[in-house]
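Computed from heavy atoms alone, side chains included, the values below leave out hydrogens, waters and symmetry copies.
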Amino acid sequence: MSDTSPPRPSLWTRARHSGLIAALVIGVAAWGVGRLVQQQARDSHAETLRQLVQPGDLKLISSTSCLFCTRARQYLTEQRIPFEECFIERDSACLAEYRARGAAGTPTVLVRGQARLGFDPGQVAEALAAAR
């Protein structure tokens with residue numbers, strides 16, 4: 001009677017497969033650590049903004065169809081950071097201010113009256129700290 005079981009993989013084949021699994025585990029772990037670091041930076045920026053932003057310091061000039069405007073609004077609202085917002089499609093004064101500033105897109109973020117394109121919590125915190 002002969003043995004019909006498949007041949008056992010060589011040591012090299014098993015080690016190679018183990019290496020792939022190890023690389024996958026390391027990759028997933030690195031991704032998780034990266035996400036944790038991003039969340040910590042986000043939380044740190046939010047805390048800094050809560051300390052620095054006073055009512056009237058931060059204004060978003062937004063568009064109703066702008067995904068980045070929605071994300072900025074959600075972030076500021078969730079983090080309880082005071083801000084004003086106007087929409088260029090709904091408010092003629094907002095549109096006039098947008099055009100007068102020569103804005104290149106939305107959101108245009110006014111940090112104590114200084115315009116910048118796009119919302120980055122870290123950059124806003126730096127601008128507020130510099131304007132003290």
Side-chain angles (χ1 to χ4, degrees):
M1 200 159 157
S2 67
D3 185 14
T4 59
S5 62
R8 188 168 180 196
S10 69
L11 179 61
W12 173 253
T13 302
R14 290 190 312 249
R16 193 170 39 144
H17 289 301
S18 296
L20 290 174
I21 291 170
L24 179 62
V25 168
I26 290 169
V28 168
W31 175 81
V33 168
R35 296 283 295 175
L36 180 62
V37 168
Q38 286 177 339
Q39 185 62 41
Q40 287 175 339
R42 179 181 163 119
D43 292 347
S44 173
H45 293 311
E47 181 60 33
T48 301
L49 287 174
R50 279 191 294 276
Q51 291 173 3
L52 293 174
V53 175
Q54 298 299 312
D57 282 351
L58 194 57
K59 181 178 181 180
L60 301 179
I61 298 177
S62 299
S63 171
T64 57
S65 61
C66 169
L67 175 63
F68 300 107
C69 301
T70 300
R71 288 183 181 165
R73 179 181 327 105
Q74 286 173 339
Y75 176 85
L76 293 167
T77 302
E78 288 170 3
Q79 298 301 327
R80 300 175 322 279
I81 298 165
F83 71 101
E84 299 171 26
E85 184 175 27
C86 67
F87 293 90
I88 59 175
E89 299 91 348
R90 297 179 187 162
D91 183 345
S92 60
C94 183
L95 180 59
E97 181 175 15
Y98 176 79
R99 287 182 176 158
R101 291 181 178 278
T106 56
T108 295
V109 181
L110 304 179
V111 179
R112 293 189 178 141
Q114 299 296 313
R116 55 184 58 243
L117 178 60
F119 177 76
D120 179 297
Q123 290 180 356
V124 172
E126 288 174 14
L128 286 166
R132 281 184 144 189

Worksheet item: Can R73 and T70 be said to form a side-chain contact (heavy atoms from CB on, under 4.5 Å), step by step?
Response: CA-CA 5 Å; R73 179 181 327 105; T70 300; 3.7 Å; yes
Item to complete: Please lay out, stage by stage, how V109 and F83 fare under the test side-chain contact (heavy atoms from CB on, under 4.5 Å).
Response: CA-CA 10 Å; V109 181; F83 71 101; over 6 Å; no
Worksheet entry | C94 and I61: CA distance, side-chain angles, deciding distance, side-chain contact (heavy atoms from CB on, under 4.5 Å) verdict | CA-CA 7 Å; C94 183; I61 298 177; 3.7 Å; yes
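For F119, the ring pair (Phe, Tyr, Trp, His ring centres under 6.0 Å) partners are Y75, not counting sequence neighbours. Contacts of Q123 classified as side-chain contact (heavy atoms from CB on, under 4.5 Å), with partners at least two apart in sequence or in another chain: R116, D120.
Atoms CZ and OG, on R90 and S63 in that order, are 9.5 Å from each other to the nearest 0.5 Å. Between D91 atom CG and C86 atom SG the span is 5.5 Å, to the nearest 0.5 Å. Note that CD of Q79 and CD of E47 are 9.5 Å apart. Values are rounded to the nearest 0.5 Å.
Residue pairs meeting the side chain to side chain donor-acceptor pair (under 3.5 Å) criterion with at least one member in residues 100-111, sequence neighbours excluded, are E97-R101.
E89 places a side-chain N or O within donor-acceptor distance of the main-chain N or O of T64, the cut-off being under 3.5 Å. Although no hydrogens or angles enter the test, the distance criterion places a donor-acceptor pair under 3.5 Å between the side chain of D57 and the main chain of Q54. Between the side chain of R112 and the main chain of L128, a donor-acceptor pair closer than 3.5 Å is present.
Contact record, A129 with L52: N-CD1, 4.0 Å, taken as the closest heavy-atom pair. Taking both residues in full, the closest heavy atoms of I81 and A46 are given as CD1-O, 4.1 Å, listed atom of the first, atom of the second, then distance. When all heavy atoms of L58 and P82 are compared, the closest pair comes out as CB-O, 4.0 Å.
For the pair C66 and P107, the minimum side-chain heavy-atom distance is below 4.5 Å.
L49 and V111 fall within a single hydrophobic cluster, where Ile, Leu, Val, Met, Phe, Trp and Tyr side chains are chained together by heavy-atom contacts under 4.5 Å.
A salt bridge is absent between K59 and E85: the closest approach of a Lys/Arg side-chain nitrogen to an acidic carboxylate oxygen does not fall below 4.0 angstrom.
The environment of F68 atom CZ is sparse: at most 12 non-hydrogen atoms of other residues, nucleotides or ligands sit within 6.0 angstrom.
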